[in-house]
Number of protein chains: 2
Amino acid sequence: MNQSNDTRLNAPPMALALDAAEHAAAHGDVPVGAVIIDRQQSAILAITGNRVEIDNDPCGHAEILALRAAAAILGTARLVNCDLYVTLEPCAMCAQAIALARIRRLYFGAYDPKGGGVEHGARIFQQATCHHRPEVYGGIKEAQAAALLKKFFASLR
Amino acid sequence: MNQSNDTRLNAPPMALALDAAEHAAAHGDVPVGAVIIDRQQSAILAITGNRVEIDNDPCGHAEILALRAAAAILGTARLVNCDLYVTLEPCAMCAQAIALARIRRLYFGAYDPKGGGVEHGARIFQQATCHHRPEVYGGIKEAQAAALLKKFFASLR
């Protein structure tokens with residue numbers, strides 16, 4: 001994907017999220033990207049990549065940054081008409097944040113058996129302590145998302 | 001507790017966290033407060049209260065704000081010598097963030113059967129997807145923390 005292409009924002013949300021994931025890898029962060037779409041306004045509210053390492057932020061996952069950015073734009077902590085796209089299955093931190101933010105639909109790319117909190121481990125949305133459950137669609141552009149991660153971790157060895 | 005008392009920072013960390021919780025209630029946020037101590041430097045790195053409502057931030061729980069502030073001060077996303085005090089059992093978002101930040105010890109006040117993620121629900125630190133487990137001490141100044149919450153929710157009715 002060409003970053004300087006003016007038609008970039010016509011790309012499907014997961015393609016934009018993959019783009020953001022590639023940017024994250026370029027600054028040494030795990031390549032995960034996220035996008036939040038406001039369905040009511042048909043607007044992209046946030047395109048973010050992981051920034052844990054570059055910002056020294058333990059909570060700097062792409063999803064958290066996207067939720068905070070979108071909430072700041074809308075002026076509310078509850079993103080009731082919004083969908084979140086992310087290239088990797090969210091961890092438990094991000095899954096619970098997605099629930100707290102009342103995200104309508106979650107679309108994710110690769111499954112994460114080692115660190116995921118949606119289909120693995122804590123399975124956040126299945127807990128009685130979870131008070132909002134988004135619709136969840138996994139495996140969207142899964143191969144591309146997984147390839148980015150594989151390439152990144154291979155480069156660290 | 002007197003906010004203007006110069007000896008305030010000699011108070012035990014949980015008393016400071018309760019203080020921050022009271023401040024949160026004053027601006028309409030659920031009264032939860034957190035403190036992070038760097039044990040190596042014997043320094044208080046962060047004293048934070050919930051800011052979800054006042055900042056329109058779905059991730060604005062006291063623990064997340066404290067972790068981000070402490071990491072910014074230390075210039076690292078990994079708070080290996082730090083302990084976190086919080087007046088309420090962390091939710092799954094905050095518990096996973098505590099694990100990601102490599103917090104050494106977690107001290108919490110009131111237990112939270114409806115929304116907690118440490119001793120209830122997702123039980124984050126007991127999951128195979130959790131790669132760092134802090135030592136956990138619950139029930140510290142539990143009655144005071146619970147009384148603050150009870151008063152706050154009663155005032156909303």
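The structure displayed is predicted, hence computed values, not measured ones. Reminder, nothing fancy here: chain letters follow the sequence lines and each chain counts from 1.
- Contacts of E53(B) with chain A are made by side-chain atoms alone, with heavy-atom separations under 4.5 Å and no backbone atom involved.
- Taking chain B as the reference chain and counting heavy-atom pairs below 4.5 Å, the highest number among R78(A), M93(A), R123(A), Q96(A) is found for M93(A).
- Proximity to chain B is absent for every atom of R102(A), based on heavy atoms less than 4.5 angstrom apart.
- Contact of the Y85(B) side chain with the I140(B) side chain is not registered, since no non-hydrogen atoms from C-beta on lie closer than 4.5 Å.
- Checked by atom type and distance alone, the side chain of R133(B) pairs as donor or acceptor with a backbone atom of F125(B) at under 3.5 Å.
- Proximity to chain B (any heavy atom under 4.5 Å) is restricted, for I124(A), to the side chain, taken from C-beta onward.
- Put simply, the side chain of K114(B) does not reach to within 4.5 Å of the side chain of T129(A), judged on heavy atoms.
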List the steps and the verdict of side-chain contact (heavy atoms from CB on, under 4.5 Å) for L106(B) and E135(B). CA-CA 6 Å; L106(B) 163 65; E135(B) 292 174 36; over 6 Å; no
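- Among the candidates A95(B), G115(B), C130(B), C91(B), the residue making the largest number of heavy-atom pairs closer than 4.5 Å to chain A is G115(B).
- The aromatic rings of H120(A) and Y111(A) stand perpendicular to each other, their planes meeting at an angle above 60°, with 30° marking the opposite boundary.
- Heavy-atom pairs under 4.5 Å with chain B peak, among P113(A), A77(A), A71(A), at A77(A).
- Most heavy-atom pairs under 4.5 Å with chain A, from the set G75(B), A70(B), A128(B), A72(B): that is G75(B).
- Interface remark: of the candidates A97(B), A99(B), C94(B), A97(B) forms the most heavy-atom pairs closer than 4.5 Å to chain A.
- In summary, of the residues considered (L79(A), V35(A), I98(A)), a side-chain contact (heavy atoms from CB on, under 4.5 Å) with L84(A) occurs for I98(A) alone.
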